[in-house]
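To keep things clear, I will list the structure first and then write my remarks on it.
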Amino acid sequence: RTHHMNTKCLMKVGDLVTTNRSHMDKSNVFYDSWLRIGIVLSIEFNPPTAHGRDVEVFWSKRGIISWEDEIALEVLNESG
């Protein structure tokens, strides 16, 4: 899924996400080292900004919850 300004929120609660790496070539040595895995806890359904909607994510390795811009995330695995 891609996430762009002026599109509906395509993420769902329960999706597995990571930091958006679309600007990186997959052969870049840092491509997988930047991988952090989180699960979408909630999505703010106010009108989106230029960065999409606000998405609440639980980051598993760090054990923290943070709000992220939708555009800054990519979906690794969709929830059922």
Side-chain angles (χ1 to χ4, degrees):
R1 289 185 240 176
T2 58
H3 315 284
H4 299 287
M5 184 173 71
N6 299 327
T7 63
K8 293 191 303 184
C9 182
L10 300 176
M11 288 184 194
K12 300 186 305 276
V13 170
D15 282 354
L16 206 58
V17 295
T18 189
T19 305
N20 187 336
R21 300 166 294 161
S22 63
H23 64 285
M24 260 185 184
D25 188 86
K26 288 184 180 183
S27 64
N28 186 317
V29 68
F30 296 110
Y31 188 81
D32 285 328
S33 68
W34 284 16
L35 189 68
R36 60 180 185 158
I37 298 172
I39 188 164
V40 175
L41 299 178
S42 65
I43 301 167
E44 186 67 41
F45 282 101
N46 290 328
T49 66
H51 300 285
R53 299 178 193 273
D54 292 326
V55 179
E56 185 182 28
V57 179
F58 171 74
W59 297 106
S60 59
K61 287 186 181 179
R62 296 179 66 198
I64 63 167
I65 296 172
S66 65
W67 285 94
E68 306 289 339
D69 291 333
E70 180 182 17
I71 200 167
L73 299 171
E74 69 178 77
V75 176
L76 292 173
N77 193 7
E78 295 180 34
S79 65

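If you're wondering where the values come from, they're calculated on a predicted model, not measured in any experiment.
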Spacing of CD belonging to Glu44 relative to CZ belonging to Arg53, to within rounding of 0.5 Å: 9.5 Å
Whether Asp54 side chain and Asp69 backbone form a donor-acceptor pair below 3.5 Å: no
Close side-chain approach of Lys61 and Arg36, heavy atoms under 4.5 Å: no
Nearest heavy-atom neighbours spanning Gly38 and Val57: CA-CG1, 3.8 Å
CG on Asn20 to CD on Glu70, rounded to 0.5 Å: 10.5 Å
Non-neighbouring partners of Ser66 that pass side-chain hydrogen bond (donor to acceptor under 3.5 Å, both in side chains), sequence neighbours left out: Trp59, Glu68
Straight-line distance of Thr18 OG1 to Leu73 CG, nearest 0.5 Å: 8.0 Å
Contact summary for Val17 and Val40, nearest pair of heavy atoms: CG1-CG2, 3.7 Å
N/O donor-acceptor pair under 3.5 Å between Asp25 side chain and Ser27 backbone: yes
Least distance between heavy atoms, Ser42 atom then Val13 atom: CA-CG2, 3.9 Å
Heavy-atom pair with the smallest gap, counting every atom of Met11 and Val55: SD-CG2, 4.2 Å
Pairing residues for Leu41 by the side chain to side chain contact (heavy atoms under 4.5 Å, CB included) criterion, not counting sequence neighbours: Ile39, Glu56, Phe58, Ile65
